[in-house]
2 protein chains.
Amino acid sequence: MATRTRADAATEAWKRMLELMWSQRGRFIDGVGDLGLSPMQAHALRFLEQPRAMSELADVLLCDASNVTGIIDRLEARGLVERRPAPEDRRVKLLCLTKAGEALRARVRERIEVPPPELAALSPHEQRELRDLLARALGH
Amino acid sequence: MATRTRADAATEAWKRMLELMWSQRGRFIDGVGDLGLSPMQAHALRFLEQPRAMSELADVLLCDASNVTGIIDRLEARGLVERRPAPEDRRVKLLCLTKAGEALRARVRERIEVPPPELAALSPHEQRELRDLLARALGH
DNA sequence: TATTGTTATACTCTATAACTATA
DNA sequence: TATAGTTATAGAGTATAACAATA
(Lines give C-alpha, C1' and ligand atoms only; values in the text may rest on other atoms or scores of the structure.)
Protein backbone atom coordinates (compact mmCIF):
# COMPACT_ATOMS: atom_id res chain seq x y z
CA MET A 1 0.00 0.00 0.00
CA ALA A 2 1.38 3.37 -1.04
CA THR A 3 2.10 6.04 1.53
CA ARG A 4 -0.65 8.66 1.59
CA THR A 5 0.83 12.10 1.69
CA ARG A 6 -2.49 13.84 1.00
CA ALA A 7 -5.93 13.27 2.43
CA ASP A 8 -8.69 12.41 0.02
CA ALA A 9 -10.66 15.23 -1.56
CA ALA A 10 -13.68 14.89 0.73
CA THR A 11 -11.47 15.26 3.79
CA GLU A 12 -9.71 18.28 2.34
CA ALA A 13 -13.04 19.84 1.42
CA TRP A 14 -14.37 19.19 4.92
CA LYS A 15 -11.31 20.72 6.57
CA ARG A 16 -11.72 23.82 4.46
CA MET A 17 -15.38 24.04 5.33
CA LEU A 18 -14.48 23.81 9.02
CA GLU A 19 -11.92 26.56 8.53
CA LEU A 20 -14.46 28.79 6.78
CA MET A 21 -17.08 28.13 9.44
CA TRP A 22 -14.74 28.83 12.32
CA SER A 23 -13.74 32.10 10.69
CA GLN A 24 -17.39 33.17 10.68
CA ARG A 25 -17.94 32.46 14.36
CA GLY A 26 -17.37 36.02 15.49
CA ARG A 27 -19.78 37.39 12.94
CA PHE A 28 -22.46 35.02 14.24
CA ILE A 29 -21.84 35.74 17.91
CA ASP A 30 -21.75 39.49 17.35
CA GLY A 31 -24.68 39.43 14.93
CA VAL A 32 -27.08 37.75 17.30
CA GLY A 33 -25.51 39.52 20.29
CA ASP A 34 -26.49 42.84 18.72
CA LEU A 35 -30.06 41.56 18.85
CA GLY A 36 -29.69 40.76 22.54
CA LEU A 37 -29.50 37.02 21.97
CA SER A 38 -27.06 34.36 23.04
CA PRO A 39 -26.10 31.81 20.38
CA MET A 40 -28.42 29.16 21.82
CA GLN A 41 -31.32 31.60 22.12
CA ALA A 42 -30.81 32.52 18.46
CA HIS A 43 -30.82 28.85 17.45
CA ALA A 44 -33.98 28.29 19.47
CA LEU A 45 -35.71 31.11 17.56
CA ARG A 46 -34.45 29.68 14.28
CA PHE A 47 -36.21 26.39 14.97
CA LEU A 48 -39.51 27.95 16.02
CA GLU A 49 -40.74 28.77 12.53
CA GLN A 50 -43.59 26.45 13.42
CA PRO A 51 -44.81 25.77 16.98
CA ARG A 52 -42.88 22.93 18.58
CA ALA A 53 -43.00 21.02 21.83
CA MET A 54 -40.24 21.55 24.39
CA SER A 55 -38.98 18.02 23.74
CA GLU A 56 -38.82 18.63 19.99
CA LEU A 57 -36.75 21.73 20.54
CA ALA A 58 -34.44 19.79 22.86
CA ASP A 59 -33.98 17.25 20.05
CA VAL A 60 -32.99 19.78 17.41
CA LEU A 61 -30.82 21.81 19.80
CA LEU A 62 -29.09 18.62 20.95
CA CYS A 63 -29.46 19.37 24.60
CA ASP A 64 -31.36 18.02 27.56
CA ALA A 65 -34.99 19.06 27.99
CA SER A 66 -34.07 20.69 31.29
CA ASN A 67 -31.88 23.18 29.42
CA VAL A 68 -34.72 24.13 27.12
CA THR A 69 -36.73 25.16 30.17
CA GLY A 70 -34.14 27.80 30.98
CA ILE A 71 -33.55 28.95 27.40
CA ILE A 72 -37.28 29.37 26.81
CA ASP A 73 -37.77 31.01 30.23
CA ARG A 74 -35.44 33.80 29.11
CA LEU A 75 -37.08 34.22 25.71
CA GLU A 76 -40.52 34.16 27.28
CA ALA A 77 -39.49 36.79 29.83
CA ARG A 78 -38.71 39.05 26.87
CA GLY A 79 -42.10 38.40 25.29
CA LEU A 80 -40.68 36.52 22.32
CA VAL A 81 -42.19 33.10 22.95
CA GLU A 82 -45.36 31.74 24.58
CA ARG A 83 -45.91 28.31 26.11
CA ARG A 84 -49.33 26.87 25.25
CA PRO A 85 -50.60 23.51 26.53
CA ALA A 86 -51.17 21.18 23.58
CA PRO A 87 -54.91 20.45 23.24
CA GLU A 88 -54.48 16.73 22.56
CA ASP A 89 -51.98 16.08 25.39
CA ARG A 90 -51.84 18.58 28.18
CA ARG A 91 -48.44 17.39 29.35
CA VAL A 92 -46.97 18.85 26.13
CA LYS A 93 -46.27 22.55 25.87
CA LEU A 94 -46.23 24.09 22.43
CA LEU A 95 -43.79 26.94 21.98
CA CYS A 96 -45.23 29.70 19.81
CA LEU A 97 -43.46 32.85 18.72
CA THR A 98 -45.20 36.12 19.52
CA LYS A 99 -45.30 38.93 16.95
CA ALA A 100 -42.13 40.30 18.50
CA GLY A 101 -40.61 36.82 18.36
CA GLU A 102 -41.46 36.46 14.67
CA ALA A 103 -39.93 39.84 13.94
CA LEU A 104 -36.74 39.04 15.83
CA ARG A 105 -36.53 35.63 14.21
CA ALA A 106 -36.63 37.32 10.80
CA ARG A 107 -33.82 39.65 11.81
CA VAL A 108 -31.74 36.72 13.07
CA ARG A 109 -32.18 34.92 9.77
CA GLU A 110 -31.31 38.03 7.76
CA ARG A 111 -28.04 38.34 9.63
CA ILE A 112 -27.09 34.69 9.66
CA GLU A 113 -27.85 34.09 6.01
CA VAL A 114 -25.61 36.80 4.62
CA PRO A 115 -22.80 34.83 2.99
CA PRO A 116 -19.27 35.53 4.18
CA PRO A 117 -17.03 37.68 1.96
CA GLU A 118 -15.07 34.58 1.01
CA LEU A 119 -18.10 33.15 -0.78
CA ALA A 120 -19.37 36.45 -2.15
CA ALA A 121 -15.97 36.96 -3.79
CA LEU A 122 -16.30 33.79 -5.87
CA SER A 123 -17.40 34.30 -9.47
CA PRO A 124 -21.11 33.84 -10.17
CA HIS A 125 -20.28 30.58 -11.95
CA GLU A 126 -18.29 29.30 -8.98
CA GLN A 127 -21.05 30.33 -6.60
CA ARG A 128 -23.56 28.30 -8.60
CA GLU A 129 -21.21 25.32 -8.71
CA LEU A 130 -20.76 25.47 -4.95
CA ARG A 131 -24.50 25.86 -4.38
CA ASP A 132 -25.26 22.89 -6.62
CA LEU A 133 -22.58 20.65 -5.12
CA LEU A 134 -23.94 21.30 -1.64
CA ALA A 135 -27.47 20.62 -2.85
CA ARG A 136 -26.27 17.26 -4.18
CA ALA A 137 -24.54 16.47 -0.91
CA LEU A 138 -27.63 17.34 1.12
CA GLY A 139 -29.94 15.37 -1.15
CA HIS A 140 -31.98 18.43 -2.09
CA MET B 1 -35.85 46.68 -9.94
CA ALA B 2 -37.27 43.21 -10.44
CA THR B 3 -38.67 41.28 -7.51
CA ARG B 4 -36.17 38.69 -6.27
CA THR B 5 -37.87 35.41 -5.66
CA ARG B 6 -34.60 33.52 -5.13
CA ALA B 7 -31.53 34.44 -3.19
CA ASP B 8 -28.29 34.71 -5.09
CA ALA B 9 -26.14 31.64 -5.44
CA ALA B 10 -23.68 32.63 -2.70
CA THR B 11 -26.51 33.00 -0.21
CA GLU B 12 -28.01 29.65 -1.19
CA ALA B 13 -24.60 28.01 -0.94
CA TRP B 14 -24.04 29.55 2.49
CA LYS B 15 -27.42 28.43 3.78
CA ARG B 16 -26.64 24.90 2.67
CA MET B 17 -23.28 25.03 4.34
CA LEU B 18 -24.93 26.17 7.56
CA GLU B 19 -27.39 23.31 7.27
CA LEU B 20 -24.61 20.77 6.73
CA MET B 21 -22.60 22.17 9.63
CA TRP B 22 -25.52 22.17 12.02
CA SER B 23 -26.24 18.56 11.10
CA GLN B 24 -22.69 17.64 12.16
CA ARG B 25 -22.91 19.28 15.55
CA GLY B 26 -23.83 16.12 17.42
CA ARG B 27 -20.99 14.20 15.87
CA PHE B 28 -18.57 16.89 17.05
CA ILE B 29 -19.97 17.12 20.58
CA ASP B 30 -20.05 13.36 21.00
CA GLY B 31 -16.68 12.88 19.32
CA VAL B 32 -14.79 15.17 21.64
CA GLY B 33 -17.01 14.20 24.58
CA ASP B 34 -15.82 10.61 24.15
CA LEU B 35 -12.31 11.97 24.71
CA GLY B 36 -13.43 13.68 27.91
CA LEU B 37 -13.37 17.15 26.37
CA SER B 38 -15.90 19.95 26.17
CA PRO B 39 -16.19 21.69 22.80
CA MET B 40 -14.14 24.66 23.95
CA GLN B 41 -11.45 22.44 25.47
CA ALA B 42 -11.23 20.61 22.15
CA HIS B 43 -10.89 23.89 20.26
CA ALA B 44 -8.19 25.03 22.67
CA LEU B 45 -6.21 21.87 21.97
CA ARG B 46 -6.72 22.37 18.23
CA PHE B 47 -5.04 25.77 18.40
CA LEU B 48 -2.09 24.60 20.48
CA GLU B 49 -0.18 22.95 17.66
CA GLN B 50 2.51 25.49 18.50
CA PRO B 51 2.99 27.09 21.93
CA ARG B 52 0.86 30.20 22.31
CA ALA B 53 0.36 32.88 24.92
CA MET B 54 -2.89 32.97 26.89
CA SER B 55 -3.89 36.17 25.12
CA GLU B 56 -3.30 34.63 21.69
CA LEU B 57 -5.52 31.71 22.58
CA ALA B 58 -8.19 34.13 23.79
CA ASP B 59 -8.00 35.85 20.41
CA VAL B 60 -8.51 32.71 18.35
CA LEU B 61 -11.17 31.30 20.68
CA LEU B 62 -13.01 34.64 20.58
CA CYS B 63 -13.41 34.86 24.32
CA ASP B 64 -12.13 36.96 27.16
CA ALA B 65 -8.70 36.16 28.58
CA SER B 66 -10.32 35.36 31.92
CA ASN B 67 -12.15 32.44 30.31
CA VAL B 68 -8.93 31.01 28.98
CA THR B 69 -7.62 30.84 32.53
CA GLY B 70 -10.40 28.43 33.44
CA ILE B 71 -10.27 26.41 30.23
CA ILE B 72 -6.51 25.95 30.55
CA ASP B 73 -6.78 25.25 34.31
CA ARG B 74 -8.92 22.22 33.49
CA LEU B 75 -6.63 20.98 30.72
CA GLU B 76 -3.59 21.53 32.91
CA ALA B 77 -5.21 19.61 35.79
CA ARG B 78 -5.43 16.66 33.40
CA GLY B 79 -1.78 16.96 32.47
CA LEU B 80 -2.49 17.97 28.87
CA VAL B 81 -1.02 21.48 28.91
CA GLU B 82 1.77 23.29 30.75
CA ARG B 83 2.12 27.00 31.41
CA ARG B 84 5.68 28.26 30.93
CA PRO B 85 6.77 31.84 31.54
CA ALA B 86 7.99 33.38 28.27
CA PRO B 87 11.74 34.09 28.56
CA GLU B 88 11.55 37.51 26.92
CA ASP B 89 8.57 38.78 28.92
CA ARG B 90 7.79 37.05 32.16
CA ARG B 91 4.25 38.42 32.24
CA VAL B 92 3.43 36.19 29.26
CA LYS B 93 2.68 32.51 29.79
CA LEU B 94 3.29 30.15 26.92
CA LEU B 95 0.92 27.22 26.71
CA CYS B 96 2.69 24.03 25.69
CA LEU B 97 1.10 20.66 25.11
CA THR B 98 2.52 17.75 27.08
CA LYS B 99 3.07 14.39 25.41
CA ALA B 100 -0.41 13.40 26.57
CA GLY B 101 -1.76 16.66 25.23
CA GLU B 102 -0.16 16.09 21.84
CA ALA B 103 -1.59 12.60 21.70
CA LEU B 104 -5.08 13.77 22.62
CA ARG B 105 -4.85 16.65 20.16
CA ALA B 106 -4.10 14.15 17.41
CA ARG B 107 -7.12 12.08 18.38
CA VAL B 108 -9.33 15.19 18.37
CA ARG B 109 -8.14 16.07 14.89
CA GLU B 110 -8.67 12.54 13.62
CA ARG B 111 -12.26 12.65 14.76
CA ILE B 112 -13.08 16.16 13.64
CA GLU B 113 -11.54 15.82 10.22
CA VAL B 114 -13.51 12.78 9.12
CA PRO B 115 -15.84 14.20 6.48
CA PRO B 116 -19.55 13.72 7.01
CA PRO B 117 -21.33 11.02 5.00
CA GLU B 118 -22.95 13.71 2.87
CA LEU B 119 -19.56 14.72 1.48
CA ALA B 120 -18.11 11.23 1.32
CA ALA B 121 -21.09 10.21 -0.83
CA LEU B 122 -20.23 12.74 -3.53
CA SER B 123 -18.37 11.37 -6.55
CA PRO B 124 -14.59 11.75 -6.51
CA HIS B 125 -14.94 14.39 -9.21
CA GLU B 126 -17.49 16.35 -7.18
CA GLN B 127 -15.33 16.04 -4.08
CA ARG B 128 -12.40 17.57 -5.95
CA GLU B 129 -14.60 20.35 -7.32
CA LEU B 130 -15.84 21.15 -3.84
CA ARG B 131 -12.33 21.04 -2.39
CA ASP B 132 -11.02 23.35 -5.12
CA LEU B 133 -13.90 25.81 -4.84
CA LEU B 134 -13.33 26.12 -1.12
CA ALA B 135 -9.61 26.57 -1.67
CA ARG B 136 -10.39 29.44 -4.04
CA ALA B 137 -12.77 30.99 -1.53
CA LEU B 138 -10.21 30.76 1.27
CA GLY B 139 -7.43 32.14 -0.89
CA HIS B 140 -5.31 29.00 -0.53
C1' DT C 1 -46.66 2.75 34.85
C1' DA C 2 -44.77 5.79 31.41
C1' DT C 3 -44.03 10.41 29.58
C1' DT C 4 -43.61 15.71 29.49
C1' DG C 5 -41.78 19.31 31.47
C1' DT C 6 -39.86 21.49 35.74
C1' DT C 7 -36.77 21.97 39.69
C1' DA C 8 -32.44 21.19 42.22
C1' DT C 9 -27.71 20.66 41.80
C1' DA C 10 -23.21 20.94 40.00
C1' DC C 11 -19.97 22.02 36.40
C1' DT C 12 -18.43 24.68 32.26
C1' DC C 13 -18.39 28.83 29.48
C1' DT C 14 -19.12 33.67 29.32
C1' DA C 15 -18.10 38.85 30.27
C1' DT C 16 -16.84 42.66 33.49
C1' DA C 17 -14.20 44.63 36.96
C1' DA C 18 -10.62 44.60 40.32
C1' DC C 19 -6.25 42.85 41.28
C1' DT C 20 -0.93 41.02 40.75
C1' DA C 21 3.27 40.88 38.64
C1' DT C 22 5.81 42.36 35.38
C1' DA C 23 7.27 45.82 31.82
C1' DT D 1 1.66 53.96 33.34
C1' DA D 2 0.55 50.09 30.57
C1' DT D 3 0.06 45.12 29.72
C1' DA D 4 -0.50 39.81 30.71
C1' DG D 5 -2.75 36.98 33.33
C1' DT D 6 -5.62 35.84 37.53
C1' DT D 7 -9.46 36.20 40.73
C1' DA D 8 -14.17 37.43 42.04
C1' DT D 9 -18.63 37.67 40.63
C1' DA D 10 -22.74 36.95 38.07
C1' DG D 11 -25.36 35.06 34.27
C1' DA D 12 -26.06 31.47 30.70
C1' DG D 13 -25.56 26.69 28.89
C1' DT D 14 -24.88 21.84 30.13
C1' DA D 15 -26.20 17.05 32.19
C1' DT D 16 -28.18 14.12 35.90
C1' DA D 17 -31.55 13.01 39.16
C1' DA D 18 -35.80 13.74 41.55
C1' DC D 19 -40.33 15.52 41.08
C1' DA D 20 -45.39 17.02 39.51
C1' DA D 21 -48.91 16.65 36.24
C1' DT D 22 -50.91 14.06 32.79
C1' DA D 23 -51.55 10.02 29.98
Side-chain angles (χ1 to χ4, degrees), chain A residues 22 25-26 28-48 51-78 80-96, chain B residues 22 25-48 51-78 80-96 108:
Chain A
W22 183 265
R25 210 176 142 245
F28 173 72
I29 293 171
D30 292 345
V32 302
D34 289 345
L35 303 176
L37 296 169
S38 71
M40 281 307 287
Q41 289 168 359
H43 287 304
L45 281 189
R46 282 209 304 130
F47 287 112
L48 287 178
R52 285 174 183 272
M54 298 286 289
S55 60
E56 288 175 331
L57 192 53
D59 287 343
V60 293
L61 292 179
L62 291 186
C63 67
D64 191 81
S66 61
N67 303 334
V68 179
T69 297
I71 292 166
I72 294 300
D73 280 350
R74 291 179 274 275
L75 294 176
E76 194 175 32
R78 285 178 57 187
L80 300 169
V81 177
E82 284 177 2
R83 288 169 161 101
R84 299 188 191 156
E88 72 283 4
D89 182 344
R90 286 179 347 221
R91 291 175 303 181
V92 174
K93 291 184 185 159
L94 288 177
L95 303 171
C96 306
Chain B
W22 183 264
R25 210 177 142 246
R27 198 167 61 104
F28 173 72
I29 294 172
D30 292 345
V32 302
D34 288 346
L35 303 176
L37 296 169
S38 72
M40 281 306 286
Q41 289 168 358
H43 287 304
L45 282 189
R46 281 210 304 130
F47 288 112
L48 288 178
R52 284 174 182 271
M54 298 288 288
S55 60
E56 288 176 330
L57 192 53
D59 287 343
V60 294
L61 292 179
L62 291 186
C63 67
D64 191 83
S66 61
N67 302 334
V68 179
T69 297
I71 292 166
I72 294 300
D73 280 350
R74 291 180 273 276
L75 294 176
E76 194 175 32
R78 285 177 59 187
L80 300 170
V81 178
E82 283 177 4
R83 286 168 161 102
R84 299 190 190 152
E88 71 284 4
D89 182 344
R90 284 178 348 222
R91 292 175 303 180
V92 174
K93 292 186 185 160
L94 288 177
L95 304 172
C96 305
V108 167

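Side chains are part of it too, since the values below use all heavy atoms of this structure and drop only hydrogens, waters and symmetry mates. A note on names: the letters A, B, ... follow the listed sequences, proteins ahead of strands, and every chain is numbered from 1.
Nearest-nucleotide positions on DNA chain D place A65(A) closer to the 5' end than the other of A65(A) and A86(A). Where R90(A) and R83(B) meet DNA chain D, the nucleotide closest to each residue was compared, and R83(B) sits on the side nearer the 5' end.
Contact annotation: N67(B) side-chain N/O to dT12(C) OP1/OP2 distance is not under 4.0 Å.
For DNA chain C, the residues of residues 27-43 of chain B within the heavy-atom distance limit of 4.0 Å (strictly under) are S38(B), M40(B), Q41(B), sorted by number.
Rounded to a whole Å, the CE atom of M54(B) is 14 Å from the C1' atom of dT3(D). Rounded to an integer number of Å, the gap from L95(B) CG to dT6(D) P is 8 Å. A straight line from CG of D73(A) to P of dT14(D) spans 14 Å, rounded to a whole angstrom. The separation between E76(B) atom CD and dG5(D) atom P is 13 Å, rounded to whole Å. Rounded to an integer number of Å, the gap from L94(B) CG to dA4(D) P is 13 Å. One can place CZ of R25(B) at 11 Å from C1' of dT14(D), the figure rounded to the nearest angstrom. If you take CG of D64(A) and P of dT12(C), they are 17 Å apart, rounded to a whole angstrom. Separating the CD1 atom of I72(B) from the P atom of dC13(C) is a distance of 10 Å, rounded to the nearest angstrom.
Contact annotation for D89(B): backbone-only contact, meaning every heavy-atom pair under 4.0 Å involves sugar-phosphate atoms and none involves a base. Looking at heavy-atom distances under 4.0 Å, S66(A) makes contact with a base.
The main-chain N or O of L37(A) is never found under 3.5 Å from a side-chain atom of R74(A) such that the two would form a donor-acceptor pair.
Taking only distance into account, the side chain of T69(A) never meets the base of dT7(C) through a donor-acceptor pair shorter than 3.5 Å.
Between L57(B) and F47(B), the shortest heavy-atom distance links the atoms CD1-CB, 3.9 Å. The two residues V81(A) and E76(A) come nearest to each other via the heavy atoms O-CG, 3.3 Å.
Among the nucleotides dT4(C), dA2(D), dA15(D), the one closest to any side-chain atom of R91(B) is dA2(D). Of the candidates dT14(D), dT6(D), dA4(D), the closest approach to any side-chain atom of I71(A) belongs to dT14(D). When distances are taken from the side chain of K93(B) to each of dG5(D), dA2(D), dT14(C), the shortest belongs to dG5(D).
The CG atom of L62(B) sits 5.0 Å away from the CZ atom of R25(A) when rounded to the nearest 0.5 Å. Taken from CG in D34(B) to CG in D30(B), the straight-line distance is 6.5 Å, to the nearest 0.5 Å.
Checked options K93(B), E82(B), M54(B), Q41(B); the residue passing with I72(B) is M54(B) (criterion: side chain to side chain contact (heavy atoms under 4.5 Å, CB included)).
At most 12 heavy atoms of other shown residues, nucleotides or ligands fall within 6.0 angstrom of atom CZ in R84(A).
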